[in-house]
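Okay, structure first, notes after.
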Amino acid sequence: MNVLMVCLGNICRSPLAHGILEAKAPNGWQIDSAGTSGWHEGERPDTRSIITAKGRGLNINQQRSRLFTVEDFNAFDIIFVMDSSNYASICRLAPDKESKAKVRLIMNEAYPHENRQVPDPYTGGQSGFEDVYDLLELAIDKFLAQHL
Ligand code: 4NP
């Protein structure tokens, strides 16, 4: 299974989702993350994400932000997005129905059909990043329970 995590900047939420799933996924799965914007291309995750991950035993230092591209629709089986804005941005790029069907709001794994959002923690403090981690781990554990 190839899974891509997507948010706006690919420095706060999706690097955490990437790190959490990578640590829990079976051997052979390919996990990556990308942003709908290229604003932080080439950068490490936000320091607050790095600190949050470290506190949970995860090292996400080696990740670098990149922009989502249309080739990602071919490379990945599932494209998880964090919020409805990411969802709209990615769906706009989908070349066909099969591609669009790969795009899912990640919190729907934990709360099916509710279309809950992973809030953007960028302008807040460290606690927002801890909350994002908890949300993502909940969704990822539910997702894995259905795929292991
Ligand atoms: P992310 O958070 O989408 O979770 O990586 C953000 C990072 C950067 C910006 C916004 C959100 N920004 O405006 O630069």
Side-chain angles (χ1 to χ4, degrees), residues 1-25 29-95 99-144 146-147:
M1 180 91 76
N2 296 345
V3 181
L4 183 67
M5 300 295 188
V6 173
C7 63
L8 174 60
N10 190 210
I11 55 168
C12 298
R13 293 166 291 178
S14 59
L16 285 173
H18 176 172
I20 294 167
L21 181 56
E22 201 164 57
K24 296 180 185 239
W29 285 32
Q30 298 292 330
I31 316 299
D32 196 10
S33 62
T36 60
S37 79
W39 298 338
H40 296 274
E41 193 121 46
E43 293 179 19
R44 284 176 201 277
D46 188 284
T47 307
R48 296 163 293 177
S49 283
I50 291 176
I51 288 169
T52 295
K54 196 172 175 196
R56 315 292 184 111
L58 289 182
N59 181 353
I60 61 168
N61 266 296
Q62 72 295 343
Q63 293 186 31
R64 295 293 180 274
S65 176
R66 73 168 177 88
L67 180 64
F68 178 90
T69 72
V70 283
E71 286 83 51
D72 289 318
F73 286 115
N74 289 324
F76 294 93
D77 305 300
I78 298 177
I79 298 166
F80 279 126
V81 294
M82 302 295 130
D83 61 33
S84 48
S85 172
N86 308 151
Y87 186 85
S89 301
I90 298 298
C91 286
R92 207 179 299 129
L93 298 173
S99 298
K100 191 171 175 229
K102 294 181 175 184
V103 188
R104 301 192 203 169
L105 275 169
I106 194 166
M107 290 316 299
N108 279 348
E109 300 302 312
Y111 305 101
H113 312 298
E114 294 189 18
N115 296 339
R116 295 196 195 189
Q117 319 277 305
V118 180
D120 179 351
Y122 187 62
T123 55
Q126 189 67 40
S127 70
F129 287 73
E130 302 293 336
D131 294 345
V132 162
Y133 189 102
D134 292 335
L135 286 172
L136 290 171
E137 187 169 49
L138 179 72
I140 287 166
D141 284 345
K142 295 275 187 186
F143 169 69
L144 283 172
Q146 288 171 355
H147 291 269

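For this chain, numbers begin at 1 and follow the sequence in order. Counting convention: from 1, in listed order, for ligands and their atoms alike. Treat the numbers as computed from the prediction; the structure is a model and nothing was measured. The basis for the numbers below is simple: all heavy atoms, side chains too, and nothing from hydrogens, waters or symmetry mates.
- By the 6.0 Å contact criterion, NZ on Lys100 is open, its count of non-hydrogen atoms from other residues, nucleotides or ligands being 12 or less.
- Each of the following atoms of ligand 1 lies closer than 4.0 Å to a heavy atom of His40: 8 (C), 12 (N), 14 (O).
- Residue-ligand proximity, Trp39 to ligand 1, at heavy-atom distances under 4.0 Å covers atoms 12 (N), 13 (O), 14 (O).
- Distances below 4.0 Å separate heavy atoms of Ile11 from the following atoms of ligand 1: 5 (O), 7 (C), 8 (C).
- If you check which protein heavy atom lies closest to atom 4 (O) of ligand 1, you get Arg13 NE, 2.7 Å.
- Nearest protein neighbour of atom 12 (N) of ligand 1, counting heavy atoms only, is Tyr122 CE2, 3.5 Å.
- Side-chain atoms of Arg13 and Tyr122, non-hydrogen and from C-beta on, never get closer than 4.5 Å to each other.
- Among all heavy-atom pairs drawn from Ile11 and Arg44, the shortest one is CG2-O, 3.7 Å.
- Of all the heavy atoms of Asn10, the ones lying under 4.0 Å from any atom of ligand 1 belong exclusively to the backbone.
- Counting all heavy atoms, side chain and backbone alike, Ile140 lies closest to Ala17 at CD1-O, 3.6 Å.
- For ligand 1, the atoms lying closer than 4.0 Å to a non-hydrogen atom of Cys7 are 1 (P), 3 (O), 4 (O), 5 (O).
- Side-chain N/O atoms of His18 and Ser33 include a donor and acceptor closer than 3.5 Å.
- Atoms of ligand 1 found under 4.0 Å from any heavy atom of Gly9, numbered from 1 in the order shown, are 1 (P), 3 (O), 5 (O).
- Listed by number with element, the atoms of ligand 1 under 4.0 Å from a non-hydrogen atom of Asp120 are 2 (O), 6 (C), 10 (C), 11 (C).
- At the top of the distance list for atom 5 (O) of ligand 1, counting protein heavy atoms only, stands Cys12 N, 2.9 Å.
- Annotation: cation-pi geometry satisfied between Arg116 and Tyr111 (NZ/CZ under 6.0 angstrom from ring centroid, within 45° of ring axis).
- Across every non-hydrogen atom of Phe73 and Ile90, the tightest pair is CZ-O, 3.4 Å.
- Residues Asp77 and Lys102 share a closest heavy-atom pair of O-CG, 3.4 Å.
- Below 4.0 Å from some heavy atom of Leu8 lie the following atoms of ligand 1, by number and element: 3 (O), 10 (C), 11 (C).
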